[in-house]
Amino acid sequence: MNNKPNPKIFKNKYFLYITEFFAGMSVMAVELGASRLLAPYFSSSQIVWTIIIGTIMIAMALGNIFGGRSADKNPDPDKLYRRMFIAAVWIAAIPAVGKYIIVGISGLLVITIDTGFLTIAAFVSCMIIFVFPLFLLGTVTPSLVKYTTDNLDDNGKVVGTLGAFNTIGSIIGTFLPTFLTIPAVGTAITFLLFSGVLLVIGLIYFISEKRHIVAMIISAVLFVLFSIFGNSDSFAFWESDLAYEGESVYNYLQVRDLEDRTILSTNVLFGVQSVAMKKNGLTGMYYDYAMSAPVMASSSKSDGNLRILVLGNGTGTFAKQCREYFSDASPEITGVEIDEEITELSGRYFNPDKKTNVTTYDGRAYIKADQGTYDVIMVDAYQDITIPFSMSSIEFFREVYDHLTDDGVMVVNLNMRSEQGSESSDDPGINTWLCDTIASVYGDVATVDVPGTTNRELFAMKRQGDIKRALESGREKILQEDLKTLMASVGESMVTYRGGGNIFTDDRSPVELLGMRQIDSIIKQELVYYKDVFKEKGFAGLIESF
């Protein structure tokens, strides 16, 4: 039978409780950091969160089993604190190498799989980057139980106290990164901060025992090196022309200043969320097609004045265009944007419409509290797979309906249109569900595909037969030739939508699963190009093509 060593620092149990506290804190901080590390590449959808939580729970469970058996077999505290050293160094390495691992895995999967790209890439990335250090931290609790339990008389109290310290640490480790460290200093430094805490705990233990000096020095040197090379906000490390790259509470943010426009993206791999043209005029993007909504609404306005609400204002592209093309109508425009950092970037880089009243608020909560009615309500809160279920349900669209004037128009930007099989009646995709849900509320619904993009604009009015009539009538009032020509094209390509039975509700909105399937279909089409490049030019050519 092995006797437990009795280190001097264990004379009272407070150091053990502190170890448990900071181990629990670090596990949660790493989990939240994982979501921010993966989000720019794979989104922050519920599916990605499920992958993160699932893999971390697997790691913790295996760590619990190993830690318990190891402590029973050889109850040497040195082993536990060496594992904490390794976990600390590994976590410190994540900001330096994690993004390269993600891009490398994505590159390999591009040439090896046909379906499920995002799900598989996110899962493999999570397994490689996060499972091992959290497996090591999973050994902490069973090991500490072994060291703190002296007899059976008070083992319940001791184990309960350990559990309490772990839980309190986990609570703080949940709130601290979300509300303080990630917004203030970013994901990279958040990893380094909590890695440093684990390293300090190990150093205190080994310094008190006056042994393993070499291991301490090596760990400290590696931590310093990773802190130097990993202290970067850059997720898109291959980009050299970014005007801004950073993080907010809600998003990864990237601003690129081009010759003719400035664009905002909230992910690394694809997508443009907002744009500002250096010269006045149309953007060539979905915002132009969404302008059909104020054109329709203006057809019935005798005074010409429009009241416009934008849910998902971004940097104010749609609001600015409305002001430019409907200046004679003196539009009263309200923008609602949940991410205050995006609004701040708008003022710095995008020269927004100064007369637009921008409110920092959730779109669903805003419209529920708002008492006003509007001629146009733009719903532009969907970005790639990240579609808030609360703004896709029949209850939400009924609330929008109640805030429209009798001749008002709702326009919704649907952003995952695919050319392949997920929008048929036999296999309804997310856009079919959204359209069916909206058609169950509104009397007249029509859609227009935006050429060269995955965007589809949906228009809805209260009475059947109003949309095309309103578009034609409003077009006659337009003075600008570019907009007038575009509206003629919109009218020709507009398709009336007849609803089906696929209805999102607040209780049942499987937007993540449907969105993942839809974006997987889009990616599958894109992968054909990269696979052809790989066949012709090899891996080097593939890297150059990104």
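On a predicted model such as this, the values are computed, not experimentally measured, just so you know.
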Distance-only donor-acceptor hits, side chain of residues 193-202, under 3.5 Å, sequence neighbours excluded:
residue, atom, partner, partner atom, Å
S195, OG, A88, O, 2.4

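With E247 contributing its side chain and T187 its backbone, the two residues share a donor-acceptor pair below 3.5 Å. Side-chain N or O atoms of T139 include one that pairs as donor or acceptor with a backbone N or O of L136 at under 3.5 Å.
Rounding to the nearest 0.5 Å gives a distance of 10.0 Å between CE of M84 and CZ of F22. Taken to the nearest 0.5 Å, the CZ atom of F15 stands 9.5 Å off from the CG atom of L144. Taking CG of L264 as the reference point, atom CG of D339 lies at 9.0 Å (rounded to 0.5 Å). The CG atom of L258 sits 5.0 Å away from the CD1 atom of I263 when rounded to the nearest 0.5 Å. Here the OG-CZ distance, from S274 to R261, works out to 12.5 Å after rounding to the nearest 0.5 Å. In this structure, F206 CZ and H212 NE2 are separated by 5.0 Å, a value rounded to the nearest 0.5 Å.
For Y17 and T148, the side-chain atoms include no donor-acceptor pair closer than 3.5 Å.
Shown here is Y361, whose OH atom has no more than 12 heavy atoms of other residues, nucleotides or ligands within 6.0 Å.
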Next item on the list: Start with the C-alpha gap between R456 and D449, add the side-chain angles, then the distance that decides, and say whether salt bridge (charged side-chain N to carboxylate O under 4.0 Å, His left out) holds.
Entry: CA-CA 4 Å; R456 171 175 293 154; D449 291 346; 2.5 Å; yes
Check: Taking it one step at a time, do D78 and Y205 satisfy side chain to side chain contact (heavy atoms under 4.5 Å, CB included)?
Finding: CA-CA 9 Å; D78 285 14; Y205 172 81; 2.5 Å; yes
Note to self: Is there a side chain to side chain contact (heavy atoms under 4.5 Å, CB included) between Y147 and T19? Walk through the geometry before answering.
What the structure shows: CA-CA 12 Å; Y147 308 145; T19 300; over 6 Å; no
Checklist line | Residues Q273, T266; criterion side chain to side chain donor-acceptor pair (under 3.5 Å); working and verdict | finding: CA-CA 7 Å; Q273 274 64 52; T266 56; 3.2 Å; yes
Note to self: Does T190 form a side chain to side chain donor-acceptor pair (under 3.5 Å) with R36? I'd like the steps, not just the answer.
What the structure shows: CA-CA 11 Å; T190 295; R36 298 310 295 261; over 6 Å; no
